[in-house]
Amino acid sequence: MSQRAFYVTTPIYYVSGNPHIGHAYTTVAADVMARTTRCTHETAHFLTGTDEHGQKIAENARNAGLEPQAFVDSLIPRWKSLLDAYQITNDDFIRTTDERHERGVQRAFEILRERGDIYPGKYEGWYCTNDETFWPESKLIDGRCPNPECRREVKWLSEQDWFFRLSAYNERLLAHFKAHPQWVRPQRVYNEMLAILESGLEDISITRATLSWGIPVPGGEGVIYVWFDALLNYITAIGWESPDTAQRALFERLWPANVHLIGKEIARFHTIIWPAVLWGLGLAEPTSVIANGWLTFNDEKMSKSKGNVVDPFEIAQRFTSDAVRYFLLREAPFGQDFNFSEEAVVRRYQADLGNDLGNLLNRTLTMVEKYCDGRVPAPADAANLPIAGLAGRVAASVPACNFRDALEDIWQLVTALNKMIDESKPWELKKRGETAALNACMYRLCEGLRWLAVLLHPFMPAKSQEMWRQLGFAQTPAQPWADALRWGVAAEGTHVSKGAPLFPHLETAVEGA
RNA sequence: GGCUCGGUAGCUCAGCGGUAGAGCAGGGGACUCAUAAGCCCUUGGUCGCAGGUUCAAAUCCUGCCCGAGUCACCA
């Protein structure tokens with residue numbers, strides 16, 4: 001009886017470092033998708049969370065003089081505050097240290113072991129402790145870890161581990177990729193994954209015999225490898241194999257996920273290993289996996305060593321999180337790398353947000369106050385405003401991650417409204433006493449701005465709300481589009497209440513530019 | 001080295017077989033409701049290079065140059 005809901009996820013974030021702008025990017029994209037879906041379908045379920053196991057965490061904890069659990073507990077508020085700073089409306093937040101997750105991972109392990117998809121084997125090779133990685137002899141550089149940021153000594157390890165029979169799914173994965181060329185996007189990532197499948201898969205070790213900070217192997221030694229653990233969050237969070245029947249019903253309603261949003265660096269885990277694991281568990285693969293690109297800063301890769309990591313808290317503080325959300329999704333096509341520079345943010349802020357949108361609201365409200373006694377006039381038709389099919393196009397672009405197209409479409413209405421003012425010249429209509437034409441023009445502006453508030457709400461929730469308030473409407477612009485995006489909904493007589501500019505001029509010049 | 005993607009106006013990008021496009025930036029203009037914003041007009045490109053296919057190529061094919069990514073457990 002229950003309705004299907006749109007299920008969208010972000011990666012769970014590895015808490016070994018601080019949140020940076022890239023985390024905000026993926027999360028904002030997911031949030032816009034979730035918010036839009038709530039206005040166009042009925043329900044969305046939006047999951048994000050944190051990845052807390054692994055050796056790096058254990059070491060950081062030791063350095064901090066804390067037990068791993070206490071250590072990760074201390075980090076969580078910082079990560080959750082990122083969600084607050086960016087007005088993220090996640091429905092759930094999973095931690096891999098949650099009891100529900102640990103139980104689910106162990107259950108998955110047992111099921112796969114019973115089915116023969118997990119088997120014991122010996123794993124040996126050159127191991128870099130820092131990177132938690134086995135490297136083949138051929139990869140080593142001067143006998144050291146080939147990771148340019150590591151370069152530590154490696155040691156020969158040989159241990160009894162459990163292996164996942166990934167190779168058994170090679171053919172099925174290939175067939176799935178061929179049958180669903182759109183299931184991994186962008187195309188470039190799809191191609192790379194396909195190439196890996198065509199070159200053949202080997203089984204992978206999914207436990208670490210010598211580590212202790214992780215989920216214990218059921219009835220065995222060691223812990224489950226952090227990656228195998230992490231992927232399962234998408235189902236453990238929504239009640240897979242839960243003892244609670246309500247939770248199990250949630251799972252039935254949500255799985256398979258509509259969209260896993262990921263960073264492009266983790267595509268292999270999500271498009272090759274993850275479907276195979278799900279198939280092993282008798283579950284369906286996610287409908288789509290969409291990878292976003294990297295953000296560079298002033299054309300350089302962001303890295304801690306360069307000290308050029310953009311702090312998402314600081315940037316939101318300076319420009320407002322709405323403006324940063326807008327910038328991230330408007331500046332470049334999703335899936336493509338793009339450069340983050342303060343000049344670019346300032347440009348978008350001033351040109352698109354301040355001059356086009358903010359000023360449109362401001363000049364409209366001034367005129368409504370001057371010419372219409374501060375009230376929305378009687379409804380008039382939409383004249384030539386480009387609203388036909390607009391809602392439908394945005395509703396289609398967003399779930400496909402074409403945020404840029406969506407915003408460009410919306411901005412055509414912004415531009416058209418500005419243009420209409422200049423062409424209609426309400427001040428002249430006023431002088432000549434052409435009240436009917438004046439009122440019609442002012443109505444179109446109010447109604448057009450109402451549309452904009454509704455359409456922009458998923459992208460800029462706070463600014464959209466403020467637009468809504470200044471226009472004098474009750475409640476919120478977060479409304480079902482089927483009802484709200486019809487022309488003529490703005491009620492005659494609504495009192496507008498003009499406020500401070502929506503996107504005031506930035507006080508300070510760009511620093512360090 | 002193999003493979004993948006990209007190289008189009010100063011910048012960010014769209015177009016992907018039929019007379020070169022948008023936004024921003026630059027230049028000029030008319031206006032005044034407005035956050036000196038908006039509106040109108042406009043400068044600007046041998047579509048990386050060289051061949052080929054075609055009546056017709058930015059768009060298809062080949063080679064080359066440049067940049068990025070990836071090549072198996074790197075969260």
Side-chain angles (χ1 to χ4, degrees), chain A residues 11-17 51-57 123 125 128 131-136 139 145-150 163-164 166 186-206 225-231 262-269 272-273 293-294 296 301 330-333 336-339 343-344 347-348 350-371 404-405 408 411 414-415 417-430 441-442 445 498 500-506:
Chain A
I12 49 175
Y13 300 115
Y14 200 56
V15 295
S16 69
D51 184 5
E52 306 181 11
H53 291 305
Q55 180 152 328
K56 228 175 274 180
I57 301 286
Y123 199 18
C128 171
D131 288 5
E132 291 179 54
T133 303
F134 281 96
W135 297 99
K139 281 287 187 83
C145 176
N147 177 351
E149 288 178 17
C150 179
F163 284 73
F164 175 66
L166 183 63
Q187 185 72 236
R188 175 174 8 106
V189 175
Y190 172 92
N191 290 342
E192 273 170 13
M193 296 306 118
L194 188 60
I196 289 173
L197 290 175
E198 284 173 340
S199 72
L201 298 173
E202 287 177 11
D203 295 347
I204 56 173
S205 146
I206 57 162
Y225 181 54
V226 61
W227 252 112
F228 189 78
D229 157 4
L231 283 167
I262 62 169
K264 65 178 182 180
E265 76 283 7
I266 56 178
R268 192 172 55 236
F269 293 95
I272 294 179
I273 299 175
W294 284 128
T296 56
K301 188 171 179 175
R330 174 63 184 79
E331 184 68 5
Q336 200 161 305
D337 292 355
F338 75 104
N339 187 43
E343 294 94 314
R347 251 194 322 267
R348 287 288 174 198
Q350 285 176 340
D352 298 5
L353 299 177
N355 297 349
D356 290 351
L357 179 63
N359 186 48
L360 171 63
L361 177 70
N362 199 244
R363 65 199 298 217
T364 295
L365 294 181
T366 299
M367 289 189 286
V368 171
E369 285 182 346
K370 274 191 185 172
Y371 305 149
R404 187 184 220 247
D405 293 345
E408 280 180 351
W411 242 254
V414 175
T415 300
L417 289 168
N418 271 318
K419 191 168 181 160
M420 186 180 72
I421 296 177
D422 286 83
E423 287 174 351
S424 305
K425 301 184 173 58
W427 48 95
E428 288 188 4
L429 296 175
K430 175 66 178 176
C441 177
M442 298 317 297
L445 286 168
K498 183 179 161 186
L502 206 54
F503 297 97
H505 274 298
L506 299 165

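Each chain gets a letter, A, B and so on, in the order the sequences are listed, and its residues count up from 1. This structure is a prediction, so every number in the text was calculated from the model and none was measured.
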Options [options], nucleotide nearest the side-chain atoms of [X]:
| X | options | result |
| --- | --- | --- |
| A:L502 | B:C33, B:C73, B:U35 | B:U35 |
| A:E192 | B:U35, B:C39, B:U4 | B:U4 |
| A:N418 | B:C5, B:G38, B:U12 | B:G38 |
| A:R404 | B:C33, B:C13, B:C39 | B:C13 |
| A:D422 | B:U12, B:C24, B:C33 | B:C33 |
| A:W427 | B:U32, B:G69, B:C13 | B:U32 |
| A:R188 | B:C5, B:G38, B:A37 | B:C5 |
| A:P501 | B:U35, B:C73, B:C13 | B:U35 |
| A:N359 | B:U12, B:C40, B:A37 | B:A37 |
| A:R347 | B:C13, B:C24, B:A34 | B:C24 |

Inter-nucleotide [atom1] distance ([N], [M]), Å rounded:
| N | M | atom1 | answer |
| --- | --- | --- | --- |
| B:C64 | B:G26 | C1' | 36 Å |
| B:C24 | B:C61 | P | 35 Å |
| B:G23 | B:C40 | P | 9 Å |
| B:G6 | B:G17 | P | 14 Å |
| B:U46 | B:A9 | P | 9 Å |
| B:C3 | B:G52 | P | 25 Å |
| B:U8 | B:U54 | C1' | 22 Å |
| B:U62 | B:G27 | C1' | 44 Å |

For [N], does OP1 or OP2 lie under 4.0 Å from any side-chain N or O of [X]?
| X | N | result |
| --- | --- | --- |
| A:K370 | B:A34 | yes |
| A:K419 | B:C40 | yes |
| A:N355 | B:G38 | yes |
| A:Q187 | B:C5 | no |

Counting the atoms with a prime plus P, OP1 and OP2 as sugar-phosphate, which does [X] contact under 4.0 Å by heavy atoms, base, sugar-phosphate, or nothing?
| X | value |
| --- | --- |
| A:E331 | sugar-phosphate |
| A:I12 | base |
| A:D356 | sugar-phosphate |
| A:R268 | base |

**OP:** Determine, step by step, whether A:E408 and A:R330 satisfy the salt bridge (charged side-chain N to carboxylate O under 4.0 Å, His left out) criterion, reporting the C-alpha distance in whole Å, the side-chain angles of both residues, the deciding distance to 0.1 Å, and the verdict.
**Re:** CA-CA 8 Å; A:E408 280 180 351; A:R330 174 63 184 79; 3.5 Å; yes
If only atom types and distance count, is the side chain of [X] paired as donor or acceptor with the main-chain N or O of [Y] below 3.5 Å?
| X | Y | answer |
| --- | --- | --- |
| A:R268 | A:I273 | no |
| A:D337 | A:W294 | yes |
| A:D203 | A:L166 | yes |

**OP:** Let me know, please, whether A:G358 or A:Q336 comes out on the 5' side of the other along RNA chain B by nearest nucleotide.
**Re:** A:Q336
Original post:
Closest nucleotide of RNA chain B for A:T415 versus for A:N362: which of these residues is on the 5' side?
Top reply: A:N362
**OP:** Calculate the interatomic distance between A:E423 atom CD and B:C39 atom C1'; express it in whole Å.
**Re:** 8 Å
Do [X] and [Y] make a side-chain contact, defined as non-hydrogen atoms from C-beta onward lying under 4.5 Å apart?
| X | Y | value |
| --- | --- | --- |
| A:L201 | A:I196 | yes |
| A:W427 | A:K430 | no |
| A:V368 | A:T364 | yes |
| A:K498 | A:N362 | yes |

Subject >> Base-pair map of RNA chain B as dot-bracket, where | denotes pairing with a different strand and pairs are Watson-Crick or G-U under 3.5 Å >> reply: ((((((((.[[[[.)..(..]]]].((((.........)))).....[[[[[..)....]]]]])))))))....
